[in-house]
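Worksheet for the structure shown next.
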Amino acid sequence: MKMGVDYYPEHWEQTMWEQDAKLMRETGVSLVRVAEFAWSRLEPEEGGYDFSWLDEAIDVFDRQGIKVVIGTPTCTPPNWLVNRFSDVIPVDAVLHPRYPGIRGHRCYNSPSMRLFSERIVEKLAMHYSNHPAVISWQIDNEFSLNECHCESCNQQFRRWLSDKYGSLDAINEAWGTVVWSGEYSSWDQITTPLGGTAYKNPSYLLDYKRFETDSVVEFQQLQGNILRQYCPGHFVTHNIWSYPMSLDYYKLCKRLDFASLDYYPNTSPEKAVSSGYSGALTLDLTRGIKRSPFWIMETISGPPGCWFPMWRTPQPGFIRAYAWQCIARGADTLVHFRWRSAPFGAEQFWHGLIDHSNVPGRRFEEYRMLCDEVNRLSPVLAGSEVLGEAAVLHSHDLYNAFAIQPQAEGMDYFDNLKLYHRALTKSGILTDVVNTTDDLDRYRLIIAPSLYLLDENLADKLKNCVKNGAILILTNRTGVKNLNNVCWIHPLPGQLAEAAGVTVTEYDPVGNDVHTIRMTDGKTHTCSQWCDILEPAGAETIAWYENDFFAGKPAVTVHAWGEGKVYYIGTVAEESFYLDLFGKAADEAGLTRFTGLPEGVQISIRRKGTARYLFVLNLTRKKQTVKLGGAYLSLLREESVGPAIDLDPYAVEIVKLVEDDVFCIK
Ligand code: GAL
């Protein structure tokens, strides 16, 4: 486990490097990321490479025993490159070039961009392959889909479609282009979605998103291949931007050593509680990308701002608590953005650990304490991992399909995922968030939100889990379409109807109209977005609608099937409903559950062999108290704590659980 910082030597007088590196070492920093945007300094003119300044900077760090991650600079092609080779610049849906001046102005399919990227990466890889301080590479910076419509993208899109479908007839059939006379009779009639209208064929739009992901993956892989060739002993990663995301991170990270995340929890008082929960989801998603530990390549060090008004400064304890949240949920290395605030450029007020004054202040002291703690606990925690007991399924394809065709006012795939994950986190259920294509065998509780695109493979995998005793929770909009984004001709939830023991006879996209459901015990919950009117075929009804023409009709059912059970939730209810239902389902599935967590307090566990370390985090501005099952050794305080632990705002506690203990918070 390492503590690191993002450092831009090219932003500072060379005379400052040595003193910065020295202070880093004294503070406990053992890693820096450099060079990710420095193309104009690394290759000031075509073919004129100059790595001398970077050599000197890396040597400075090396002398302090600090290891280095080099970012390949391809997110910021320099002016000489974009001026001379116009194909580098992405083109928008109305064929306007996106002008340079900001970063990310590069088309992934541009032949010139690819060529010059390969050249500079090869030069860097050859140059630093044997440098003792360099241990890792970050390819580019925060990839996302460009939605580029240039000639290269058009050509590559056609090639991609031809590889996927083989013939125009197959495309016409798969997409249903007969609607509105959209049938293609020659390849050059196919273009990227020019004009960008939402009325276009949804199958075509979804394939374009997939093509775009593949373009990014290919662009990244060109660099990855070179780095693997010259630097076989180095790690290769990429720093992903947050969620939700159209770019498929599972594909992007497949050939990387580990995923890295840029994590900026919100500091605003109104978001003091919600930020911790959405952060927990982001971290669980990131751990789920490769189902293994990950790095944080950037995280909050001060008030962010610049092209928007600055956020509130992180409260005392915030930087430390959110850093520990990353480790609690599977991060193995933390790199803070950035060492010192930039004096110039677009991000002058995206604050670093040290302000423009260059006088280390309160936030820096907190960071120093964090470094001490992480470095002290590193030998204990290194090699431990986070293993959820429940799984929530996620897919970028689903996110994209719902973005292409929003189903109802206020219905958002990712917001609903947040709702379910938040209820699980509040219920103290240890949760993994994994790709729909992942192996699910080890989970006893699987929550599968809105499997709108569903094929036999996924349906069979889920049915097998249930046959073998898992509890599966399905929601509205399951089994609607095939993977080509074309509706199945069958009653919903389609391939899972038999296992769920229920069918949808009709639905009402109620949107923001608030309805009510009543549970078997008389308790009521509000619901909105969508109402599936259900007809049980073997399932038991556990909630009914209270309003509208479907008052009295089933809204939620449960069906014992095989050795397991399938819940079907036909609507989107308020949080209290999920707290009850997930708690009940977790108990039925025999999962560990930490009940009675105060709002905003999160727990998670890292395991190593038989050892288990429980993290308790108060991610709120209030004092809170939690009760453990007994007294335990606190790793941070090196003394026994519990059963009751008083947590100050943003307090962190890490305790070593005793083997075979019933480690419940009641
Ligand atoms: C990240 C990016 C960094 C920096 C930071 C603050 O998204 O990777 O380069 O821009 O945000 O804006």
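Atoms within a ligand are numbered from 1 in the order they appear, just like the ligands themselves. Quick caveat: nothing in here was measured; it's all calculated off a predicted structure.
Counting heavy atoms closer than 4.0 Å to ligand 1, residue Asn141 contributes side-chain atoms (C-beta onward) but none from N, CA, C or O. Contact annotation for Met297 and ligand 1: no heavy atom of the residue comes within less than 4.0 Å of the ligand.
Here the CD-OH distance, from Glu122 to Tyr49, works out to 9.0 Å after rounding to the nearest 0.5 Å.
Of all the atoms in ligand 1, the ones that sit under 4.0 Å from a non-hydrogen atom of Asp262 are 8 (O). Per-residue contacts place Phe37 under 4.0 angstrom from the following atoms of ligand 1 (heavy atoms of the residue considered): 9 (O). Using a 4.0 Å cut-off to heavy atoms of Trp241, the atoms of ligand 1 that qualify are 7 (O). Those atoms of ligand 1 that come under 4.0 Å of a heavy atom in Glu36, given as number and element, are 9 (O).
For residues 88-107, there are no ring pair (Phe, Tyr, Trp, His ring centres under 6.0 Å) pairs, not counting sequence neighbours.
Comparing heavy-atom distances from atom 9 (O) of ligand 1 across Glu142, Arg103, Glu347 singles out Arg103 as nearest.
Tyr250 and Asp438 form no side-chain donor-acceptor contact under 3.5 Å, judged by distance and modelled atom types alone. Judged purely by distance below 3.5 Å, without hydrogens or angles, the side chains of Gln138 and Asn239 pair a donor atom with an acceptor atom.
Checked against a 6.0 Å centroid threshold, the rings of Trp295 and Phe258 count as neighbours.
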Residue pair Glu365, Arg368: steps toward the salt bridge (Lys or Arg N to Asp or Glu O under 4.0 Å) verdict: CA-CA 5 Å; Glu365 281 317 306; Arg368 189 198 298 274; 3.2 Å; yes
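Annotation: atom 8 (O) of ligand 1 to nearest protein heavy atom, Glu298 OE2, 2.7 Å.
No salt bridge links Arg114 with Glu118; every basic N to acidic carboxylate O contact stays at or beyond 4.0 Å.
Inclusion of Trp350 in the set of residues having an N or O under 3.5 Å from an N or O of ligand 1 is not warranted.
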